[in-house]
Amino acid sequence: MTLAVRVPEELSARVPAEQRGPGLDRDGVRLLVSRGTEVSHHVFGELPGLLRAGDLLVVNTSPTLAAAVDGAVGHTRVVVHFSTRGDDGRWAVEVREPDGRGTTRARACVDKGTVVRLPGGGRLVAEEPLSPRGDRLWWARVSGAEVTAVLREHGRPIRYAYTERDQPLSVYQTVFALPAPDGSGSAEMPSAARPFTARLVAELVSRGVQFAPVTLHTGVASAESHEPPYPERFSVPGESARLINAARAAGRRVVAVGTTAVRAVESAAGADRVVRAREGWTDLVVTPERGVRVVDGLLTGLHEPEASHLLMLEAVAGRAAIDRGYDAAVRGRYLWHEFGDVHLLLR
């Protein structure tokens, strides 16, 4: 799915909402609401008044990692984006080039056996492409250092050229993030949840909105070619499965906060539409043909017109709603990307 709209470059959110002016907080971003093809315009702080008592929000608890690390291939400087920890101890990584502006661009010359020197004496060796679809991501083995220690001591959050400057890791953590015992997490922030504040969550709870936590550790996005998502590690706890099934049985709405939450909960739903406790790896790609079995709505950021995530949005709300919503977002000068505005899609 590719949208016909063009997103002007000036609609990229370059800094977080709370840095755009005095008195602003994360929930100061704008909120576009699509109910079918009808759209309305709000600020995110109005969300409690737009939901109903009994609505269930499925939220991703994955923490964001400081996943970008400087390295060298021979005498050439590179930046390694650590994407996903494998079950065998290897990491899926993307090796990129500095672009001279504090961010990076794609690097095409990684082969089997490529060695990257890491800070602190670590050594990364590329072993095999993650997927036969391409060689952007590689399974690599690190020796001489623990990856989690390298990230903690030398890493910084991944950022792309549309942002203005580096930000501390705290800016990329959502209010729902929980540290994982093994140090795993998301290479890039599950950004749909970023506008939530503790105060807003408390207000939602006081109004009868429920929360079901799930975990999906998202890997490095395909910034240039917008590939479908690769397999990612996820977990749907038994209590969250029970909450989701109970809401559906009672006719209450299940609204996923972010495409990552959709991927997790839909991966745990059987053909009978019952969600069961499950954890492991998911390669599910939610498309209009596959459809959704569980969610009735989706709160998400604004995606680029060629992004593969738009297929999931279409599966939830239909093509007409996406076309109408994105046309309204461009005309209304909404801001894109992880620090931008958000879109609530309700069927």
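All residue numbers refer to positions in the sequence shown, counting from 1.
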Can Tyr326 and His343 be counted as having a side-chain donor-acceptor contact under 3.5 angstrom? no
Mind checking side-chain contact (heavy atoms from CB on, under 4.5 Å) for Ala68 and listing every partner two or more places apart, or none if nothing turns up? Val79, His81, Arg156, Ile158
Tell me the closest heavy-atom pair linking Leu56 and Ala247, and the distance in Å. CD2-CB, 4.1 Å
Hits for side-chain contact (heavy atoms from CB on, under 4.5 Å) against Thr103, two or more places apart or cross-chain, chain-then-number order -> Asp99, Arg101, Arg159, Ala161
Could I get the full list of side chain to side chain donor-acceptor pair (under 3.5 Å) partners for Asp55, not counting sequence neighbours? Arg253
For Trp139, check ring-ring contact (aromatic ring centres under 6.0 Å, His included) against everything at least two apart and list the hits. none
Could you list the residues that satisfy salt bridge (charged side-chain N to carboxylate O under 4.0 Å, His left out) with Arg273, not counting sequence neighbours? none
If you measure only the distance, is there a donor-acceptor pair under 3.5 Å linking the side chains of Glu232 and Thr84? no
When clusters are formed by joining ILVMFWY residues with side-chain heavy atoms under 4.5 Å apart, either directly or through shared neighbours, do Val236 and Phe211 land in the same one? no
Testing the basics here: between Val33 and Arg35, what is the closest heavy-atom pair and its distance to 0.1 Å? CG1-NH1, 3.6 Å
Any residue meeting ring-ring contact (aromatic ring centres under 6.0 Å, His included) with His154, in chain and number order, not counting sequence neighbours: none
Let me check something: any side-chain donor-acceptor pairs from residues 119-127 under 3.5 Å, sequence neighbours excluded? List them with distances.
from: Glu127; atom 1: OE1; to: Arg90; atom 2: NH1; distance (Å): 2.9
from: Glu127; atom 1: OE2; to: Arg141; atom 2: NE; distance (Å): 3.2

Val292 vs Arg347 side-chain heavy atoms within contact, under 4.5 Å: yes
Are the side chains of Val275 and Val294 in touch, meaning some heavy atoms are under 4.5 Å apart? yes
Would you check, one step at a time, whether the test salt bridge (charged side-chain N to carboxylate O under 4.0 Å, His left out) holds for Arg199 with Asp25? CA-CA 11 Å; Arg199 179 202 60 78; Asp25 204 344; over 6 Å; no
Is there a chain of hydrophobic side chains (I, L, V, M, F, W, Y, each step under 4.5 Å between heavy atoms) that links Val59 to Leu47? yes
For residues Val254 and Leu204: do they belong to one hydrophobic cluster (side chain heavy atoms under 4.5 Å, members Ile, Leu, Val, Met, Phe, Trp, Tyr)? no
Restricting to non-hydrogen atoms, name the atom on Ser34 and the atom on Gly325 that form the minimum distance, rounded to 0.1 Å. OG-CA, 4.0 Å
Distance-minimising heavy-atom pair for Leu32 and Ala328: CD1-CB, 4.4 Å
Going only through I, L, V, M, F, W and Y residues with side-chain contacts under 4.5 Å, is there a path from Val205 to Leu299? yes
Hydrophobic clusters here meaning ILVMFWY residues chained together by side-chain heavy-atom distances under 4.5 Å, can you tell me if Val29 and Leu51 are in one? yes
Quick one about Ser184 and Asp182 (side-chain donor to acceptor, distance below 3.5 Å, no hydrogens or angles considered), yes or no? yes
Expected output: side-chain Arg20 to main-chain Val15 donor-acceptor under 3.5 Å: yes
Does Thr218 reach the main-chain N or O of Glu188 with its side chain, forming a donor-acceptor pair under 3.5 Å? no
Is Asp283 reaching over with its side chain to a backbone N or O of Pro231, donor-acceptor style, under 3.5 angstrom? no
By salt bridge (charged side-chain N to carboxylate O under 4.0 Å, His left out), which residues pair with Glu289, not counting sequence neighbours? none
Under 3.5 Å, is there a donor-acceptor pair linking the side chains of Glu164 and Gln19? no
Measure from the side-chain N and O atoms of Trp336 to the backbone N and O of His303, and report whether any donor-acceptor pair falls under 3.5 Å. yes
Considering residues at least two apart in sequence or located in another chain, which fulfil the ring-ring contact (aromatic ring centres under 6.0 Å, His included) criterion with Tyr172? Phe339
Is Thr197 reaching over with its side chain to a backbone N or O of Asp27, donor-acceptor style, under 3.5 angstrom? no
Around Arg77, counting heavy atoms of other residues, nucleotides and ligands shown, do more than 12 lie under 6.0 Å from its CZ? no
Heavy atoms of other groups near Glu9 CD, more than 12 under 6.0 Å: no
Verify side chain to side chain contact (heavy atoms under 4.5 Å, CB included) between Val142 and Leu118, making sure each step is shown before the conclusion. CA-CA 9 Å; Val142 174; Leu118 300 174; 4.1 Å; yes
Heavy atoms of other groups near Glu279 CD, more than 12 under 6.0 Å: no
Short question: side chain of Arg290, backbone of Leu284 - any donor-acceptor pair under 3.5 Å? no
Does His337 have any ring-ring contact (aromatic ring centres under 6.0 Å, His included) partners at least two apart in sequence or in another chain, and if so, which? Tyr162
Please step through salt bridge (charged side-chain N to carboxylate O under 4.0 Å, His left out) for the pair Glu146 and Arg152, ending with a clear verdict. CA-CA 10 Å; Glu146 279 290 331; Arg152 186 170 58 251; over 6 Å; no
Would you say Arg26's side chain and Pro16's backbone share a donor-acceptor pair under 3.5 angstrom? no
Does any part of the side chain of Asp323, heavy atoms only, come nearer than 4.5 Å to the side chain of Asp327, both counted from C-beta? no
If the condition is side-chain contact (heavy atoms from CB on, under 4.5 Å), which residues does Arg242 pass it with, not counting sequence neighbours? Glu239
For Glu38, side chain to side chain donor-acceptor pair (under 3.5 Å) partners two or more places apart: none
Val116 pairs by side-chain contact (heavy atoms from CB on, under 4.5 Å) with which of Val69, Asp70, Val73, Thr76? Val73
